[in-house]
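Heads up, the thing below is written out as C-alpha cells.
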Amino acid sequence: MGVDSFVSWLRDVAGSLHDNSAYLTELDSAIGDADHGANMDRGFQAVVGMLDETSFDGTDELLKKAGMTLVSKVGGASGPLYGTFFLRFGTALAGADLTPEAIGKGLHAGVEGVLARGKAELGDKTMYDAWAPALEAYDAAVAGGSDLGTALTAAAEAAAKGRDATIPLVARKGRASYLGERSAGHQDPGATSTTLILESAARTLS
Amino acid sequence: MIGIVVVSHSRALAEAAVGLATEMVAEDKRPVIAIAAGLDTTTFGTDAMAVSEALGTADSPDGVLVLLDLGSAVLSAEMALEFVDPEMAARVRLTSAPLVEGLVAAVVTASTDASLDAVAAEAERGLVGKQDHLGVATADAAPVVEADRTVEVVVGNEHGLHARPAARLVGLVNGFDAVVTLTDLDNGKGPVDAGSLSMVATLNAQQGHRLRVGASGVAADAVLAAVEDLAAQNFGDAVVEKAAPSPGGSGLDVAIGPAVLAGAQVSLGDYVAGDNELGRLDEALATAGEQLDELRDNHGDIFAAHLALLGDRKVLDDVRASIAAGASAPAAWKQVYGELATAFEGLDDEYQRERAQDVRAVRDRVLRLLVGVTEVAPTDGILVVPELDAATAATLDATRIAGIAVRAAGTTGHGVIVARSRGIPLITGIGDVDVPPGAVVSFDARTGSFEVAPDEERVRATITEREGERAQAIADADLPATTRDGRTIDVLVNVGVVQDAVDARGADGSGLVRTEVLFGDRRTAPTVDEQVDAFRAIAQALGGKPITIRTWDIGGDKPLPFLPQDREANPFLGERGLRVFRRRPELLRDQLEAIRRTAAETPVHVMFPMVTTADEVAWALQELGPRDGLEVGIMVEVPAAALRVGSLATELDFVSIGTNDLTQYTTAADRTNAAVAPLADGLDPAVLQLIDHVVRNAGVRVAVCGDLASDPHAAVLLAALGVSELSAVGPQVPLVKAQLRQADLGRVDTAAVLAARDADQVRGLL
C-alpha cells in the first residue's frame, strides 16, 4: 500500500470516467449544461498524461498534483470542486501512515474542502449527497475494525444509495438550480461521478 | 488605478464584453483588464490557475475588481484567491455585478482613478439604468444582483416611506459595506438600491406595506439587523408628529403687511461656465451640505431629508455625467433635479407628490450657490412664495413675520406643517394673483380671501377683533356653550393621541377617540390591557367626562401596520371601517373587550364606523355582547346609512355624523384631488339635507364629529339643524363654544340654507 496504489486508483478512475463519459453527459444534459462527462474525462485524461510523465515519491504530492491538474483542465464547477478534494486529501496525507484511519481523515478533509468551495448542503442535489453517506459508512466500517478495502466498499455502496436518492430532489446549487422544480426526477451527475470515483477506490486501494 | 479581471466560461464572451467596455474610454485612460475565460478559444470552462495568473497581470496597489459570469467562474475565482499571495488577495474584490453592464460601469469609473469601493459600487449598480428604462414590470424578471440574505419589514409610518424616513434608511445603508435592495411586496415595485434616495422614493411604499430587504456583502447581516431596528422605530419618525399642533406664535388666521416676494426662479443668464465645472459643483455641494447640517441641527429631520437629496449618488451621477457631456454645472444641476421633482409629482400619493417641493428647495439652494446669489430671509411683512419650503418656514423669525401667503394649494407640505406648528398666520392656494413687491397685502384664511392694497383700517380692525375673540374664547372655554335662545350644545374634542385630551381647553368630553391613530404607530396589535390604559388616560385627562371610542376605522387611506390589507382598486369603496372585521373579527373583539372594561371605570360610549346596513348594526351589537350601561352608536358617513338612519338606529343610543366621508360620498369627489376638491364642500346643501334628514329620522341623539364641527359658523348651523353634540379639533373647541354662545339658533334660516343653490350661497347665509 503506497504511492503505486494511488496511481492505480487515479488511472482506474480515468478509465471509469472515460467509459461513463457519455452516461454522465446524458445525465447532465437533463438538468445542466451537458458537459460533465466530457469535462471529467478531459480532466482525468490530463491526470493520466501527467502520471505518464511524472513519478512521485509521496502520496500527498501525487494527489495535490492531480488536484491542480483537475482545477485547470475540467472547466466546469467540478474542476474546482474535485480539484479542492484531491488537494485537501493530499495535504492531509502528508507524512501520515496510510492506515484506514488516516485515509478516512484525508477523505474528510477533502470533502470539507468541497463543502467550503461549493457551499452546498445535504439535499441540494449535488455530489455532497453521495459524499456524506459515503463518509458515514466508511467511518462506521473502520470503527468496526474493517480493513481499507471493506470500508471503501461500504463507502461506495452508501454513495450509490445517496446518488439514487438525488433523483427526486430539487436542485438548489449549480446550473441545475435554474431549472427549479423541473430538476426533480433526474439523477445528479456530480453524485454519479463521486460514486464512480469511490467504486474505483474500492477496486484499487486495499 | 485599479485593475480589472474578467472571468467567464467563454473566451469569446469575455473578449466581446471587454471590447464593449473599453470603447467607452480613451486608450490612455483604460485600466488594465485581464481575461481568464474558457479552457481555450472554443472550449467553455473556467480555470482557477488561469484566474490567478490574470490576477497577477491586473494587480495594482489600488486593488483589483473581478467580474464573473456564473457557476464555476465564481468557484474558480474563489479558488484562485487561495493560490495567490494573501497580501494581493486582500486587495482583490469579487463582485456579483452583471458581467456586461457591470464591466462597462467598472471600466468607466476606474478610468477616473476612483477607489476600488467606488468602482465596485458602480458595477453593482450596473443594472439600474436598464431596469429603470424598462420599468417596474421587468424588475422582478431581472434580479441579477442576488441577495445573500433577506428580511421583511413593515412600513409603519403614517405617510409611508416618505422623504425623511427614506433619508434615514439611505444614510444607514450607506454606512455599511453591503449592497442592499428593497422590494415592496405589496405593490410589487423593486428591487431598488436602498442606498439611493431617488430609487427608494420610486417604490412609493405606503403605510402597512411589507418590504423585502435584501443584502449582499461582508456586512449583510449587520446591515439587515440595523434596518430591522430602524423599521421597528418607524424609520425614526417620532410619534409626536401626530400631536395636535401647539398654538404658539400669534396663531391668528388673518394678517397684513408689505409683500415680500421670494422663491423666484434662479436665473442662470449671467453665469459664465469655466473649465472646472465639476470642481465648482463640488464646492457648491460642500457649502450646501454645511448649511443643511446646521439647519438640521437647529430645525430637525426635514433637513436630513434635504441632505440625503443633496447626496443622492444616482442623481449626482446624472449631474456629473451631464457636466462631463459639456453642460455647465448649474444647467446640469437644474435639469437633473428638475426632472427628479417632476418624477415625485408623478407619484400616486398626495403626500409623496408634495415632496417635490423638497427637491426644488435643494435644487434652488445649490443653484443660488453656483450662480452666486444670496437669498435673505425676510424679517417683516407678508412673505409671498410660489410654494413654501421647510427651510424658509423653519428659519423665519416667527415673532416678526406677519404671515405667509403660498400660491400653490396643498396643506401637507413640509413648509406648511412647519409654519402652522410655529403659529405663523398662513394662507395657501392664492394662485397667480399679481403682487408688486412691497405692496401692502392682507389675507384672511377664515374666509379664504387674499387682497392687494386692502382697506388697512378694516383689516387691522379684523385682527384686533380676532385677537379679542381668541383671548375671550380661551378665557371662557370652560363655560357651557349655551345659545342665546337657551339651548346648550355639548362641544367635545377629537382625540388622536392622549396629548390631544391633555391639551384640550373647555371640552365636554371626547366625541371621537380615533383608535387607529392612537395605536397607529404600533407595529403589533395592542393588547387589551394596553388599550384600557390608553382609554383610561384619555378619560382622566378630560376629567372623567364621557369619551366616545370609535372602533378601528381602517381601510381607505388609513392602513394599520398590524392589519395589512390587500390592495384594492377603489379603497374608499372597499373594505373600510367595520367592513374589515366581518371576515376577521379578532382585533375588533379585543377592542370591544377593552372598551367594556374601560366602561366599568368611567363613562364610555362606543361607535362603529362605516356602517351601511341594518345587518351590520346587528352583527356589531352581537359582537359587543351585553352593554352594561355602555352607550352605543354608529357613524353615519355613507349616504345609504343617512337615508335609512331610522331603521339602523332602533337599537342604538346615538349616531355621529362623519361629515368628511359623508361629503365625499355624497358629492363623489375626493377632497385631496385638487381637480375636484371644490366639489367636496361640507356645506353643499345636499350634504346639509342629509344631515337634516338624519336629525329628523334618527330617533336618537345626533352628534357631528367631522371637520364641519370645527368651523364655528358651520357649528352654529349644525346646532340650528338639531345636532346636539359637536366634536371639534382641540384648538377650535373654545372658538366653537364662543360662537355658539353668541348665536340665536331660532334666527338661523335653516329652510333657506337647505334650499340653497350651492355651498357658496350657504356661506352667504351664515
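In what follows, chains are A, B, ... by sequence order, proteins preceding strands, each numbered from 1.
Scanning both residues, B:E82 and A:R117, for their nearest heavy atoms gives OE1-NH2, 2.7 Å.
Using a 4.5 Å cut-off between heavy atoms, B:L39 contacts chain A through its side chain alone, with no backbone atom that close.
Few gaps surround NE2 on A:H108; more than 12 heavy atoms of other groups in view lie less than 6.0 Å from it. For CG of A:D97, the number of neighbouring non-hydrogen atoms (other residues, nucleotides, ligands) closer than 6.0 Å is 12 at most. Remark: B:F176 CZ is packed, more than 12 non-hydrogen atoms of other residues, nucleotides or ligands lying under 6.0 Å away. Enclosure of atom CD in A:E136 is not indicated, since only 12 or fewer non-hydrogen atoms of other residues, nucleotides or ligands lie within 6.0 angstrom. The environment of CD in B:E152 is crowded: more than 12 heavy-atom neighbours from other residues, nucleotides or ligands sit within 6.0 Å.
Here A:R42 contributes atom CZ and B:T43 contributes atom OG1; the two are 5.5 Å apart, rounded to the nearest 0.5 Å.
Within residues 48-64 of chain B, the residues having any heavy atom closer than 4.5 Å to a heavy atom of chain A are B:A48, B:M49, listed by residue number. The stretch residues 57-91 of chain A places A:M68, A:V71, A:S72, A:K73, A:V74, A:G75, A:G76, A:A77, A:P80, A:L81, A:G83, A:T84, A:L87, A:R88 near chain B, each with some heavy atom under 4.5 Å from a heavy atom of that chain.
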